[in-house]
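Some notes on the structure that comes next.
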Amino acid sequence: MTTETDLIERLESEAERDLATAPDVGIVMGSDSDLDVMKGAADALDELGFAECTDVETTYDADYTYETWVVSAHRTPDLMYAYADTAEARGVDVIVAGAGGKSADLPNMTASIAYPVPVVGVPVQEKSVDSVIGMPTGAPLTAVDAGKSYNAGLSAAQVLARSDDALRERLVAFHDDQKSGVADVSERLHDDGIDGFIQNR
Ligand code: RP5
């Protein structure tokens with residue numbers, strides 16, 4: 001069975017290797033029970049052509065990759081520290097961190113330790129919002145609304161796109177698709193009328 005120490009050693013050794021195969025985005029969550037919510041961040045990145053990096057020795061066809069880990073601020077504080085502390089050296093450019101419950105401390109602690117790597121916090125539940133966004137002045141964290149991990153994935157891509165035109169174009173195309181989607185629905189609602197629209201939906 002893998003111990004916390006094993007995982008910390010793995011992260012630390014990855015921090016010393018070639019960055020060519022480094023994951024660009026790190027998705028961390030306080031528990032695997034958060035995965036249903038946090039998967040949204042991966043879904044957004046998948047849509048933008050990212051691949052999931054499950055092995056840092058592998059070179060993926062995709063231009064960008066993300067990785068996923070369970071890191072609990074309260075049950076594995078040393079692992080949380082190691083993940084955040086090695087993130088930049090491991091090549092991670094932006095972190096999406098989510099936690100649930102009333103003491104959802106993983107996003108804000110990760111932001112403090114990983115600084116200056118930006119962290120997008122995801123309150124996994126409504127009751128987690130205050131503890132995720134409640135950072136003191138000088139300790140920045142960007143956060144999305146409860147459960148909106150999909151937007152956190154998009155925000156992470158926006159950060160990367162500032163220095164990559166191809167990714168910027170993919171984000172623009174994604175936005176254009178959304179605009180067309182709304183325009184198309186609007187026209188069909190208007191032209192078919194409410195009853196016809198519902199019938200054809
Ligand atoms: C938080 O406690 C986790 O982020 C999770 O949302 C919640 C419950 O965790 P489990 O008891 O399901 O592992 O730290």
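As the structure lists them, so they are numbered: ligands from 1, and atoms in each ligand from 1.
Residues that satisfy the ring-ring contact (aromatic ring centres under 6.0 Å, His included) test with Y66, not counting sequence neighbours, are absent from this structure.
Taking a 4.5 Å side-chain heavy-atom cut-off between Ile, Leu, Val, Met, Phe, Trp and Tyr, the cluster of V182 contains only that residue.
Salt bridge status for D164 with R170: absent, with no side-chain N to carboxylate O gap under 4.0 Å.
The contact shell of ligand 1, taken as protein residues with any non-hydrogen atom closer than 4.0 angstrom, comprises G30, S31, S33, D34, R75, A99, G100.
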Please lay out, stage by stage, how T21 and E57 fare under the test side-chain hydrogen bond (donor to acceptor under 3.5 Å, both in side chains). CA-CA 7 Å; T21 55; E57 302 305 328; 5.7 Å; no

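Among pairs with a residue in residues 33-43, those fulfilling salt bridge (Lys or Arg N to Asp or Glu O under 4.0 Å) read K39-D43, at least two apart in sequence or across chains.
A 4.5 Å side-chain heavy-atom check between R90 and E67 finds at least one atom pair inside the cut-off.
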